[in-house]
Amino acid sequence: MGVTDTTQQAFDRAQELKQFDESKQGVKGLVDSGLTSIPSHFIHPPETLSSLKTAQPRPDSIHSIPIIDLSGWDSSRRPSIIEEVGRVSRELGFFQVVNHGVPTEVMDRTTTAVKAFNELPAEAKARIYRREMGREGDTGVAYFSNVDLFHAKAASWRDTLQIRLEPKPDIAEIPEVCRNEVMEWDQQTQRLGRILLGLLSEGLGLSPEKLQELTCPESRAMVGNYYPCCPQPNLTVGLASHTDPGVIAVLLQDQLPGLQVKHGDEWLDAPPIPGALVVNIGDILQIMSNNEYKSAEHRALANPNREPRVTIVVFHNVSNVDTQLGPLPELVSSDKPAAFRQFTMGEYRRAFFTTELDDSLVHYFRA
């Protein structure tokens, strides 16, 4: 292939991406058009596709994502829960929680409402379709497809509703079809986030308030991902392999599978469990813990089912862009020197929004 051919291919791809983005219809719009094969810019390279399969557990590996029972987190059971949370966060960085206090009916209503938003007419969603967040006039509410659309090697088969929940969300801007449910969900996950941060803090040998003081649990963002049926799920992904920004993430899955977590060289399935929520460590907490806790790679397979798959994640973040981040002094010693340099949250955010999703940012900040 000559230089001219390569240049033409790059131009064609750029035009495809621009046309897709400017349509403001997302992947749902492609599905509704009746296509039977996916556009070329959604096709992932062979090295990604070769690993896309349901995980096959081996006798010498962790077979599934650990489940932690949070009942009695504020009772005599607390020390054993702290030990379990700390161990799993060091080994894998992912776990599911049950008996977490979030009512099942709230979880069901939120999932139904986010699904309903994505199934509104395209013109209703186009009003809040935007790619640039954080600019003047930003309401903190956006609908888009692929946050890294113009940076990634290939697009992924999903659409996203993103809502900034701090310091005080612009409630009127949240789509009416899911407004009440999102606010109810936010209240529940804010409470759960405080509990989890306390347990994780003590798991590092710190006071229960330490991580809350540093990370501000009021700083949150919600992302609702919608994975429509993919006509060629063996050629793309629902969400590329990545680690999460922020401190921790709390994820609600509907009952369709798709989430996978990387452990060593293998992928583990994280199947939906009725009533459970998935919790994972983010990049910022791995850095603050001086590599004690792990921010694990994870991905979502493309959805082969006729029914759409819906997931809702709340990220607990550090909001102030001037906040200095790095390993906590209490976790640095001559035996374990700082593994990361100091940086600001603003620097981290700039890196996140200008790189591919599958490019883990933890490596950028190593000492």
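Residue numbers start at 1 and run along the sequence shown.
Under the 3.5 Å distance criterion, the side-chain polar atoms of Arg130 are matched with a main-chain donor or acceptor of Val141. No donor-acceptor pair under 3.5 Å is formed between the side chain of Asp159 and the backbone N or O of Tyr226. Here the side chain of Asn280 pairs no donor or acceptor atom with the backbone of Ser295 at under 3.5 angstrom. No donor-acceptor pair under 3.5 Å is formed between the side chain of Asn225 and the backbone N or O of Thr311. The backbone N or O of Leu301 sits nowhere less than 3.5 Å from a side-chain atom of Trp157 that would complete a donor-acceptor pair. A side-chain donor-acceptor contact under 3.5 Å links Gln96 to the backbone of Pro271. Side chain of Asp69 to backbone of Ser71: a donor-acceptor contact under 3.5 angstrom is found. A donor-acceptor pair is defined here as one N or O able to donate and one able to accept, closer than 3.5 Å; no such pair exists between the side chain of Lys294 and the backbone of Ile281. With hydrogens and angles ignored, the 3.5 Å screen pairs no side-chain donor or acceptor of Arg131 with any backbone N or O of Phe144. The main-chain N or O of Arg77 is found under 3.5 Å from a side-chain atom of Ser75 such that the two form a donor-acceptor pair.
Each of Val261 and Ile273 belongs to its own hydrophobic cluster when Ile, Leu, Val, Met, Phe, Trp and Tyr are linked at side-chain heavy-atom distances under 4.5 angstrom. Side-chain heavy atoms closer than 4.5 Å link hydrophobic residues (I, L, V, M, F, W, Y) into clusters, and following such links, even through other members, never connects Leu277 to Val98. In terms of hydrophobic clustering, with Ile, Leu, Val, Met, Phe, Trp and Tyr side chains grouped at heavy-atom distances under 4.5 Å, Leu35 and Phe42 are assigned to a common cluster.
Using a 4.0 Å cut-off between charged side-chain N and carboxylate O, Arg90 and Glu292 make a salt bridge. With respect to the salt-bridge test (charged N to carboxylate O, under 4.0 angstrom), the residues Arg341 and Glu347 qualify.
A donor and an acceptor atom, one from each side chain of Asp335 and Ser333, are nowhere located under 3.5 Å apart. When only modelled atom types and interatomic distance are considered, Tyr143 and Asn118 share no side-chain donor-acceptor pair under 3.5 Å. Using modelled atom types and a 3.5 Å distance limit, the side chains of Asp254 and Thr111 yield no donor-acceptor pair.
Taking each heavy atom of Leu30 and Ser33 in turn, the nearest pair found is O-OG, 2.5 Å. Between Thr236 and Ala155, the shortest heavy-atom distance links the atoms OG1-O, 3.5 Å. Of all heavy-atom pairs between Pro245 and Tyr348, the closest is CA-OH, 3.1 Å. The nearest pair of heavy atoms linking Trp73 to Ile81 is CA-CD1, 3.6 Å. Minimum interatomic distance between Leu192 and Val102 (heavy atoms only, all atoms of both residues): CD2-CG2, 4.3 Å. Looking at every heavy atom in both residues, Glu181 comes nearest to Arg109 through CG-O, 3.7 Å.
Rounding to the nearest 0.5 Å gives a distance of 9.5 Å between CE of Met107 and CD1 of Ile312.
For the pair Glu307/Lys115, a side-chain contact is recorded, criterion being any heavy-atom separation below 4.5 Å from C-beta on. Within the 4.5 Å cutoff, the side chain of Asp186 has no heavy atoms near those of the Met222 side chain. Residues Leu325 and Met345 are in side-chain contact: their nearest non-hydrogen atoms beyond the backbone lie under 4.5 Å apart. Contact annotation: the side chain of Pro175 never approaches that of Arg127 to less than 4.5 Å [non-hydrogen atoms, C-beta and beyond]. Residues Ser201 and Glu209 form no side-chain contact, since every pair of their non-hydrogen atoms from C-beta on lies 4.5 Å or further apart.
Relative orientation of the Phe20 and His41 rings is tilted, given thresholds of 30° and 60° on the angle between their planes.
The environment of CD in Glu176 is sparse: at most 12 heavy-atom neighbours from other residues, nucleotides or ligands sit within 6.0 Å.
Residue Ser51 forms a side chain to side chain donor-acceptor pair (under 3.5 Å) with just one option from Arg299, Glu266, Gln260, Lys262, and that option is Arg299.
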